[in-house]
Amino acid sequence: MTTTLLHVGRALTPATEIPDAGILIRDGVIEEFGLREGMHLPPSAEEISALDKTAIPGFLDIHIHGAGGHDVMEGTEESISAVSKMVARHGTTSFVATTVTAGTEDTVRSVEGIAHYIAQQHETADVRAEVLGIHFEGPFISPVRRGVHPPECLKLPSAEVLDKFLQAAAGNARILTIAPELLGALPCIDAARKAGMVVAMGHTDATYEQARAAIAHGVRHAVHVYNAMRPFSHRDSGVIGAVLTSPEVSAELISDGVHVDETAMKMLLQAKGPEHVILISDGVSATGMPDGKYMLGKFEVTVSGGICRNAEGKLAGSTLTLDRALRNIVALGVPLASAVRMLTLNPATLLGIEFKKGALRTGADADIVLLDQGLQITNVWVRGAAME
Ligand SMILES: [Zn+2]
């Protein structure tokens, strides 16, 4: 691989802003980073000058089901690489492949496929987003707040079923979404934490007290806040009340302008602060594709005007890409650096990989996105490889 010195007008790490920055990329990592002035160009390196651009870390999507006409539940090399290539064009340089509730055997088969893909994903010269692991969305979720997850496949939390998933994932199980009010949830949360997973509350009808009990057991994240949750009321603040008032819990937000309205988005941003909000796509196979009929796991969804619904008319994930998520949040008045951290440093920190991903720093993977003045993406590097 060639050595590249990227010279940009400014870089957002995203914790700090560096004007006139130099980023030296070698062997897929950031070897040196700082003011361009203080750096010298190594003899074999080529310099790329982009003084009218802002460099930011590549986006890390912890909740995505599919894109480019494919769903990660297909579990094949072809399907997952199609997802990876499509999202990379929109600045997502790594993601956590997210399952949708299915039967245990179907889930195990899909997860084995994803794990196999992960094991050999770097044996290609193709530039595509890196799959960091698997997020299990279901089956341990509430029948009352299931959204579009098929009711016949929902299960009470079970350490035994979880163990089957862990085996199939072969070390790649990263996130478990669970409804903490279900019978058996707390021991299942304990088992997932012991296996090194991040545990999230989601698709839940939990009361405030039930949510706080889950947090006491190590739940540190909440999935697509507001959506598929017991609604907030001033005398029954519920899981949303617990999320908004617990700084140890990070909150996912789908900022497509359809899932959550502007005021509710602002409320979440103000209550949680820029360090504790994580923007996700919840993207389905239709992302990056024209309106029409698509599959989410095993069921059909219809996309019209970019909005994805199931046969009952319920919202079924989104067709949001993270570059659009960024622009939507900035349009709410959030400073660019704060918006960027919600797509980069915050999800990396939740996964405990902030020294490798989600930040521009020496030693981190060279996952880099360049933005123009209108916050459109002009260039993407994944682990040092430039996207054409
Ligand atoms: Zn969901």
Side-chain angles (χ1 to χ4, degrees), residues 61-67 71-73 83 95-102 106-107 110-111 134-155 157 165 174-182 185 192 197-206 211 214 219 221-231 238-240 243 249-260 264-265 268 277-287 294-303 307-320 322 325 347 350:
D61 196 346
I62 58 170
H63 190 156
I64 173 168
H65 300 281
D71 188 297
V72 299
M73 290 293 273
V83 176
F95 65 92
V96 182
T98 306
T99 64
V100 67
T101 302
D106 284 337
T107 304
S110 296
V111 167
I134 299 159
H135 175 170
F136 292 85
E137 191 177 23
F140 310 137
I141 58 175
S142 163
V144 187
R145 305 285 170 205
R146 65 183 175 84
V148 300
H149 292 252
E152 68 277 10
C153 297
L154 303 182
K155 280 191 179 52
F165 294 162
R174 291 283 168 272
I175 304 172
L176 176 69
T177 290
I178 192 166
E181 72 279 16
L182 297 178
M197 294 179 85
V198 170
V199 187
M201 304 183 270
H203 287 273
T204 167
D205 200 42
V219 167
H221 185 60
V223 162
H224 45 54
V225 170
Y226 299 118
N227 299 114
M229 281 181 172
R230 178 191 194 84
V239 56
I240 293 172
V243 171
V249 176
S250 57
E252 281 180 9
L253 177 64
I254 309 174
S255 63
D256 63 350
V258 175
H259 280 75
V260 181
M265 284 202 273
L268 181 72
V277 174
I278 295 177
L279 303 180
I280 55 150
S281 67
D282 198 8
V284 301
S285 57
T287 304
Y294 294 90
M295 297 302 285
L296 173 55
K298 295 219 145 199
F299 55 93
E300 195 178 74
V301 294
T302 303
V303 179
I307 301 171
C308 186
R309 296 182 190 274
N310 74 350
E312 301 164 84
K314 286 183 176 174
L315 285 174
S318 87
T319 60
L320 181 65
L322 292 186
L350 179 71

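Note that the numbering runs from 1 along the sequence shown for the chain. Reckoned from all heavy atoms, side chains included, excluding hydrogens, waters and symmetry mates. We count ligands from 1, going down the list as the structure has it; atoms in each ligand are counted the same way. No experiment lies behind these values; they were computed from the predicted model shown.
Residue contacts to the Zn ion (ligand 1): H149 brings no N, O or S atom closer than 2.8 Å.
Distances from the Zn ion (ligand 1) to each N, O or S atom of E137 single out OE2 as the nearest. Looking only at its N/O/S atoms, H203 has NE2 as the one nearest to the Zn ion (ligand 1).
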Which atom pairs, one a donor and one an acceptor, fall under 3.5 Å between side chains of residues 294-301 and the rest of the protein, sequence neighbours left out?
unit_1: Y294; atom_1: OH; unit_2: P290; atom_2: O; d: 2.6

List the steps, then state whether ring pair (Phe, Tyr, Trp, His ring centres under 6.0 Å) holds for H224 with H259. CA-CA 9 Å; H224 45 54; H259 280 75; 7.6 Å; no

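Shown here are the side chain to side chain donor-acceptor pair (under 3.5 Å) partners of D71, two or more places apart in sequence or in another chain: there are none.
In plain terms, the two heavy atoms of A179 and S142 that are nearest each other are CB-N, 3.6 Å.
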